[in-house]
Every structure is written in structure tokens, then in C-alpha cells.
Amino acid sequence: ISKLNREFVRLVDNVKPDLLFLMHGFTIQPSVIVELKKKYQLITVNWLCDYPREYELACKYAANFDYFFVSGTDAMKRLRLAGHKNVHPLLFACEPLFHKPVELTYEDKRRYSSDICFIGSMYPGRLRMLEKVSDFDIAIWGPGWDKIPPGSALTSLIRGGSLDVEEWVKVYSATKIVLNNISSFASYVDNMMNTRLFEVLACQAFQLVDTRDDVLMHFTSGSELVCYSSIEELRHLFNYYLSHRDEAKEIAMNGYNKAIKFHTYDHRVKEIMDVIEME
């Protein structure tokens, strides 16, 4: 940690930036942030882009920055209640240069096609959820799925481990329904959306996502994506949208238009600068 901080100070000394932007950055010591800000009159910004379990650490760290952005309303409320008036919302987003629908070759279709796909790390909650819908044609990718218990109903559904961007945009283009599950790994977060929500929309893919307040604050379920609140509802929605493909495609296109119009990283940069300039 000490070496990393020394190298960080050396980098800032060489660049002499006007603005210092960290993502989390908990490894950078608060005293270093304060010293650099004083030395160069820096504008200091942090994006707590994945709300941590170590809430007290985040709360303490926020005081060292001029602007502290968080990606969920739960984190914002907790930090503001703790007295941090410098906290502002900053959602995840998509990058249309990379997150986009793609043309598929015959080999791509053979490798990636499915009725339903799920891409994400294996967590116990996700394992239990997916086992309850394992009778559907679901393709599963992500780290950790090779370690599921022997005899799991999901064994035959696992297609592989981690995918790079070029691969998973093909998966989204090749599937009929993208299943996005937030709550099974983020039970300590009440509302936060994940990056996948925006990336799926940017690929013009139809998305089923578990109901979260932040999702419903920015998107209309049934129009731009569809939210589910139980396994029973999820099963019903699988059956419905697999047999109503035109409706699913219309929802996917509405979601795509919304994401491109309001939720790219260009929009997020503008939001950051608007907050800074406003003050």
C-alpha cells in the first residue's frame, strides 16, 4: 500500500492535473488525497461505483473529496444522513462503441444461441434461483459456475466461464431473453442497478430484471424492460415473452432508445461536470 501511494503521488506530481478522479480508490490514503489537493488546488472526485459492504470505510473516505458520486439511491441516502453533503448520484451506463447489437455468423449462432441467457458470477442466491427455472433453455456463462455442487440441475446449462465484451455482446444478440439478477449477490444494497442493465439495453436485447426501486425510477417495466418479483412471476414471464416475440422486440427497442438517449458514459461525464460547475 505504501509503495502504491508513493507511485500515485509521483504520477500526480508529473501530470499536475486540474481534476483528480478516483473510482473507489480506497487504497489511496486519505492523507495523500488531502496533501495533493492542497499542493495543486485539485478538484477531487470519487465515484463509489459499487457500494461496498464496508460502509463505515466509505463514509469516512467521502469526507476527503470535493465530490463523492455513488451509483445507487441507498448509498446516497445513507451517506447524506451521515452528514456528507458532497454526495451525488451517478448511475452506471453503456458505451455504444462496445455495447451494441452485432451481426452473427453461423458459428456464432451455433455457439451462443439460446432462449434465455444469464451472464454473471456464481453466487449461492443465483444458483438457487436458476435451479428453479432450469427446465427452460438457459445458457449460463460466468466465473464460478464450474464449482457448483455435483448433480446440480444447472450442470448441462453452463456454457463457459468469463466472457470478454466481444463475446458477450454476441450472446445478447443471439438470445431471446436476457436474465439480469441483481439481488442475489447484492442483498446488502436495497436499490442499486448494475452495469449489465445498461449494457443489455444497448445491445437491443430484451431484458428481465429483478424489481429494484432504482430500476423503476429510470425505466418503465413492460415498456423498456420487464421486472420480476418472484420465481413464479419469472416463470410466467419466460413463457409469455418466448411466445410473444414481437412484443419483446418492441420493448427491447424502446429500452435501447432510452439507454442511448440518456444513459451513455458521455452523459455521465456531462453530469459530473454539471455538478462541479454548478457549485
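Treat the numbers as computed from the prediction; the structure is a model and nothing was measured. Just so you know, these numbers use all the heavy atoms, side chains as well, and skip hydrogens, waters and symmetry mates.
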Within the distance-only criterion (no hydrogens, no angle test), does the side chain of [X] pair as donor or acceptor with the backbone N or O of [Y] below 3.5 angstrom?
X	Y	value
W145	G120	yes
W47	L22	no
K109	Y106	no
S114	T175	no
S134	E131	yes
D214	M193	no
R268	L91	yes
E95	L97	yes
D108	A174	no
S221	C227	yes

Query raised in the report: Does M217 share a hydrophobic cluster with F262, counting links as ILVMFWY side-chain heavy atoms below 4.5 Å and allowing steps through other members?
Result: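 In one cluster with M217: F262, no.
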Query raised in the report: Taking the six-membered ring for Trp, are F65 and H84 ring centroids under 6.0 Å apart?
Result: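 No, the ring of F65 stays outside the 6.0 Å limit from the ring of H84, centre to centre.
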Query raised in the report: Taking the six-membered ring for Trp, is the centroid-to-centroid distance between H99 and W168 below 6.0 Å?
Result: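 Yes, they do, as the ring centres are separated by less than 6.0 Å.
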Report task. Tell me, yes or no, whether the heavy-atom count around D246 atom CG, taken from other residues, nucleotides or ligands under 6.0 Å, exceeds 12. Result ->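 No, the 6.0 Å shell around CG holds no more than 12 heavy atoms from other groups.
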Requested in this report: For atom NZ of K258, decide whether the heavy atoms of other residues, nucleotides or ligands shown that lie under 6.0 angstrom number more than 12.
Outcome: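 Counting neighbours around NZ of K258, more than 12 heavy atoms of other residues, nucleotides or ligands fall under 6.0 Å, so yes.
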Requested in this report: State, with a plain yes or no, whether a side-chain heavy atom of F206 is found less than 4.5 Å away from one of K249.
Outcome: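 No - every pair of side-chain heavy atoms lies 4.5 Å or more apart.
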**Report entry** Side-chain heavy atoms of I148 within contact of L127, under 4.5 Å
**Finding:**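 A side-chain contact under 4.5 Å exists here.
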Hydrogens and angles aside, do [X] and [Y] bring a side-chain donor and acceptor to less than 3.5 Å of each other?
X	Y	result
N86	D66	no
N254	E224	no
Y123	N181	no

Report task. Would you please name every residue forming a ring-ring contact (aromatic ring centres under 6.0 Å, His included) with Y265, sequence neighbours left out? Result ->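 Listed in chain order: nothing, the list is empty.
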Under 3.5 Å, side-chain donor or acceptor atoms of residues 230-238 against the rest of the protein: list the pairs with distances, not counting sequence neighbours.
{"from": "S230", "atom 1": "OG", "to": "E233", "atom 2": "N", "distance (Å)": "3.1"}
{"from": "E233", "atom 1": "OE1", "to": "S229", "atom 2": "N", "distance (Å)": "2.7"}
{"from": "R235", "atom 1": "NH1", "to": "K132", "atom 2": "O", "distance (Å)": "3.0"}
{"from": "R235", "atom 1": "NH1", "to": "D135", "atom 2": "OD1", "distance (Å)": "2.9"}
{"from": "R235", "atom 1": "NH2", "to": "D135", "atom 2": "OD2", "distance (Å)": "2.7"}

